[in-house]
Amino acid sequence: MRLLEEFRDPEAAQGLLKSIKNLAQELPTVRLMEVCGTHTVSIFRHGIRGLLPENIRLVSGPGCPVCVTPRAFVDQAICLAQEPDVILVSFGDMIRVPGSSSNLGLERAKGRDVRVSYSPLDALQTARENPGRRVVFLGVGFETTAPAVAATLLRAREEGIGNFWVFGAHKRVVQAMEAVLKAGEVSLDGFMCPPHVSAVIGSHPYRILAESWHMPCVITGFEPLDILQGICMLLGQILRNEHRVELQYRRGVPAQGNTVALKIMEEVFQVEDSLWRGLGIIPKSGLEIRESFSAWDARSCFELEPLEAGDPPGCCCGEVLRGIAEPWDCKLFGVFCTPQKPLGPCMVSGEGACAAYFKYGEQGTRV
Ligand code: SF4
């Protein structure tokens, strides 16, 4: 367990923990889901689980974009990388996610042109610099990355760039949170909502969880003190029998979201049903490229086989993403599946629950 002295403001941390302890004394066991993988990592890195009273349990949720991208998408991305003249550009984590029989890193080792980028605009620049090649960007992520991809597609259209495509798998977070509740497999008392997604979508979309599902929601920053305060706010709502959307991360999230980002997302994407790893098809949970941008949509311009790959045998990534299993419940965890040799995406991604549990194990403490 980390020492409180390692927190940026140990006194503030001490005060928040005291408030949490006081609130917890009035409550039965409560289970709070941290939806976002970055929250999971921060919670583990700072040993927050170990600092909480016994009856305050934290459950990891489906908020790692790489983890929820189905294996079939990885297989299709590999097929794209195998196309002649294609340069496949991706965010780094996707490179190591296993497909059915290969991954993009292995394809690169075999000589395919697979490149890592931090921005879709870099991929567009690659297209400008390689007019004789076909450049495909893997657009994986939540509403956090979707605006940058939308802006890139607007730029591609404006400049008339004809050798650039996006192969997209953008997803919407709130719909996945509702799917977890609808499935009814895990008993939850509140949601710690992701701050970066909320900086784009604002706080209003979470109202359905609070109003229709009576679920307390607090949009919480990633710093350890933010997380402690977010937990405090959630416990306060539970104790008062309230269920509303509260904003802990006021310094970064306007209630109405980022209106510029929302506008360009609306121009480029349309809402569709989408397939999630472990959660199946969730209605209205995907952002598909609109017909008006089909000239830059890899799905319209490349022949992609409809692949139906499930998870590898023994892998519990689906259960981990739904909050009904912890990584160490998976028989493969730490033995056959490690960050060096991952079998499932939850062990690959820096935001994956399995990678966080593996790295910080002890100080995370078992729920
Ligand atoms: Fe999936 Fe590996 Fe985690 Fe098991 S340990 S759930 S195989 S990522």
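Heavy-atom basis, side chains included; hydrogens, waters and symmetry copies ignored. Note that ligands are numbered from 1 as they come in the structure, with each ligand's atoms numbered from 1 the same way.
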If the cut-off is 4.0 Å to any non-hydrogen atom of Met347, which atoms of ligand 1 fall inside it? 8 (S)
What residue and heavy atom of the protein are closest to [atom], and at what distance?
atom	value
atom 2 (Fe) of ligand 1	Cys337 SG, 2.4 Å
atom 1 (Fe) of ligand 1	Cys317 SG, 2.5 Å
atom 5 (S) of ligand 1	Phe333 CA, 3.6 Å
atom 3 (Fe) of ligand 1	Cys354 SG, 2.3 Å
atom 4 (Fe) of ligand 1	Cys330 SG, 2.3 Å
atom 7 (S) of ligand 1	Cys315 SG, 3.5 Å

What's the spacing between [X] [atom1] and [Y] [atom2] if we round to 0.5 Å?
X	Y	atom1	atom2	answer
Asn55	Gln25	CG	CD	9.0 Å
His39	Cys193	NE2	SG	9.0 Å
Leu343	Cys317	CG	SG	9.0 Å

Is a side-chain donor-acceptor pair under 3.5 Å present for Gln229 with Gln248? yes
Under 3.5 Å, is there a donor on one side chain and an acceptor on the other for Lys171 and Ser274? yes
Do other residues, nucleotides or ligands put more than 12 heavy atoms under 6.0 Å from Glu129 CD? yes
Would you check whether Cys316 reaches within less than 4.0 Å of ligand 1, judged by its heavy atoms?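 Contact check Cys316 vs ligand 1: positive.
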